[in-house]
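Here's the structure we're looking at; comments come further down.
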Protein chains: 2
Amino acid sequence: MATLKDVANAAGVSVSTVSIALKHDPRVKETTKRKILEIVDQLGYRPNGIARDLKMKSTQTMAVLLHDLGGPFYSELVTGVQDVALAYDYSPIISCSIGGKGVALKRLLLENRVDGAIILDPYIEESFIRRVASPSLPIVLLDRDIDLPYVYRVTSDHEGGAYEVVSHLIEKGYQRIAFVGGPQRSFDNQLRFNGYKKAMESQGKAVDSRLIFAGDFTEKSGYALGLSLGGSDKLPDAIFAANDEMAIGLLRALSELGLKIPQDIALAGFDDIRLSQYTVPKLTSVHQPMYELGIVATQILFRALNGDSKIEPVVLSTQLMIRDST
Amino acid sequence: MATLKDVANAAGVSVSTVSIALKHDPRVKETTKRKILEIVDQLGYRPNGIARDLKMKSTQTMAVLLHDLGGPFYSELVTGVQDVALAYDYSPIISCSIGGKGVALKRLLLENRVDGAIILDPYIEESFIRRVASPSLPIVLLDRDIDLPYVYRVTSDHEGGAYEVVSHLIEKGYQRIAFVGGPQRSFDNQLRFNGYKKAMESQGKAVDSRLIFAGDFTEKSGYALGLSLGGSDKLPDAIFAANDEMAIGLLRALSELGLKIPQDIALAGFDDIRLSQYTVPKLTSVHQPMYELGIVATQILFRALNGDSKIEPVVLSTQLMIRDST
DNA sequence: ATGAAAGCGCTAACAA
DNA sequence: TTGTTAGCGCTTTCAT
């Protein structure tokens, strides 16, 4: 692998001349520059970014840490991130923690291989985030509620979205509206539950604990719950599932039990994953602005990178997608 | 940011002692080590990976270059990559080219920021790949047919999968089987067409050019084609779409036209995306072994990284998923 | 217009 | 058991 020095030697000039010549610095004569470029080509010289990063103390790279790539919105999120990063001449690199035992995490964040990070991963521990966040490594945290220095927050309005969809159910005249939640410790889930609760209470409906069920955000858990629910005698007349995966599981189970949706029981989800437009009936859901989330998160990261530390948490509005299941 | 030197000074020892102490090298006395560790903690010292990479001329990092993350299989692929990479103590970093104008590509591959790469992106140009592939940067190319030094190939058996699904249609008794293809220049598409052709010819059916249609792998193109096809007088009795997206578009269009599937017309896709299990009727498709693809690609990359350059292209078998649309 | 030299933070061979 | 030193490939200040 040819280095700057090799090029310099071959061209009969010094490394510094080559270095600046490659930046098209006007200080170097046209003729020498041309010669240098020729040799670069001939030797197949490629700059060593690592050496450059070391010298510059900057990588022009930011990490986007996702739990897994399977989720339906990551693509949109990353597109948003990229659109902003590009303008700053930064490259986002994506890493998913699942299965990686945190090796990549450590390499990227703990060992200064990136200038900043955007994290959407409920499984990365708060202690780790606390440890790595610093003025030289600001972190934007999505969908989590952790208040730490050098950590900035952006989230969708889970509570508002849930409030809206449940209000919609109430308006439609449904009386006994069940909530099928995800993991208790999930921040999103809590907010969605809060929205459910507030919507119910604002209509003078007390939250009935017999109408609260817990799944784990998987389709499977929704399916299981749907089977037991559908078989019980006191069926609710509507269900708000805290995410679409579970809603789809519920839908499948209830349909198999011969229940008509929404006539026998209405069903709404959250996330607006692609599948919800294809189920029969199409699923009412709440859309999260993932692209905007990516945009905003990245903008905030750059503000922090530029020394701005007074950044308030941002909450982005969701959008209710009314379809045929309600 | 504290450096090794800072730690050394504070501990009253030399940098090399600190350096090896942090690797738990038995050469350094327990007591000094303990003191060093204490200072490390106190100063919040974090090793600078960049400096290390420079010295070591190795990043223990590999790039996984995807076109976008929206695809349904990337998650599985990456999981496969990670499972193998972990065993070699390597970290995969993912980058998607879409929208990035190749900035990230250049930074990663051209400037030696990774030790190797796995590429699944039909839009990265051959000339670029040729330029960057080298003994010190081997590349594993997925689903492409480019024969270059230091470039190794792994692909699903697109042709075989297509052959199998079309044979299945023939066995079922369908006579006029149409092919709805993707972009002409797509390597996958060509192979799938070859499979279609071979299956037809092996049954003595000539390929009828009036039964060959071209879309662009999007649902939208399938939908448009479906509308025009469904409205024509000479409807085929089965369609093999070169991917599920188009098949789903076709399905939607044909259903809207009141055609019954598979009674009026049968339909099969390719890729086995998640959605195909949820359409009505469920879509017959061909499953690609994405996880294995990730595994095999990564294994090959490590073989190459270890100096093995005699590596034959690998083709992995697909699996026919017969569902209700045929 | 070009060169010499220092130094980014680390590792490892060699000395002590 | 610990320290000295050179050097990875680059950028940049200061001379010339």
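Order of the sequence lines sets the chain letters (A, B, ...), proteins ahead of strands, with each chain counted from 1. Note that the coordinates shown come from a computational prediction; the quantities given were computed from them, not determined experimentally.
Residues passing the salt bridge (Lys or Arg N to Asp or Glu O under 4.0 Å) test with B:K106, sequence neighbours excluded: none. Every residue two or more places apart in sequence or in another chain that forms a salt bridge (Lys or Arg N to Asp or Glu O under 4.0 Å) with A:R153 is listed here: A:D145, A:D147. With sequence neighbours left out, B:Y88 forms a ring-ring contact (aromatic ring centres under 6.0 Å, His included) with B:F302. Evaluation of the side-chain contact (heavy atoms from CB on, under 4.5 Å) rule for B:S186 yields B:P183, B:D188, B:N189, B:F217 as partners, not counting sequence neighbours. For A:R107, the salt bridge (Lys or Arg N to Asp or Glu O under 4.0 Å) partners two or more places apart in sequence, or in a different chain, are B:D89. Residues that satisfy the side chain to side chain donor-acceptor pair (under 3.5 Å) test with B:Y291, not counting sequence neighbours, are B:D83. Residues passing the salt bridge (Lys or Arg N to Asp or Glu O under 4.0 Å) test with B:E111 are B:R113, sequence neighbours excluded.
In this structure, the separation between OG on A:S19 and NZ on A:K55 is 10.5 Å, given to the nearest 0.5 Å. Considering CG of B:L77 and CG of B:L142, their distance stands at 6.0 Å, rounded to 0.5 Å. With rounding to the nearest 0.5 Å, the separation of CG in B:L105 from CD in B:E125 is 10.5 Å. With rounding to the nearest 0.5 angstrom, the CD1 atom of B:I93 is 8.0 Å from the OG1 atom of A:T61.
Of the residues in residues 8-18 of chain B, those placing a heavy atom less than 4.0 Å from an atom of DNA chain D are B:G12, B:V13, B:S14, B:S16, B:T17, in numerical order. Non-hydrogen atoms lying under 4.0 Å from DNA chain D are contributed by B:T32, B:L54, B:K55, all within residues 31-56 of chain B.
Reading DNA chain D from its 5' end, the first and the last nucleotide to sit under 4.0 Å from a heavy atom of chain B are D:dT1 to D:dG9. Here chain A contacts DNA chain C (any atom closer than 4.0 Å to a heavy atom, that is under 4.0 Å), and the contacts span C:dA1 to C:dG9 from 5' to 3'.
In this structure, A:Q60 contributes its side chain and A:S91 its backbone to no donor-acceptor pair below 3.5 Å. Counting only distance, with no hydrogens or angles, the side chain of A:D115 and the backbone of A:T59 share a donor-acceptor pair below 3.5 Å. Proximity of a side-chain donor or acceptor of A:R46 to a complementary backbone N or O of A:A2 within less than 3.5 Å is not detected.
For the pair A:V154/A:P313, no side-chain contact is recorded, criterion being any heavy-atom separation below 4.5 Å from C-beta on.
Each end of the helix from C:dA1-D:dT16 to C:dA16-D:dT1 gets its own rotation axis from five pairs of C1' atoms, and the angle between them is 40° to the nearest 10 degrees.
A:S19 comes within 4.0 angstrom of a base, heavy atoms only.
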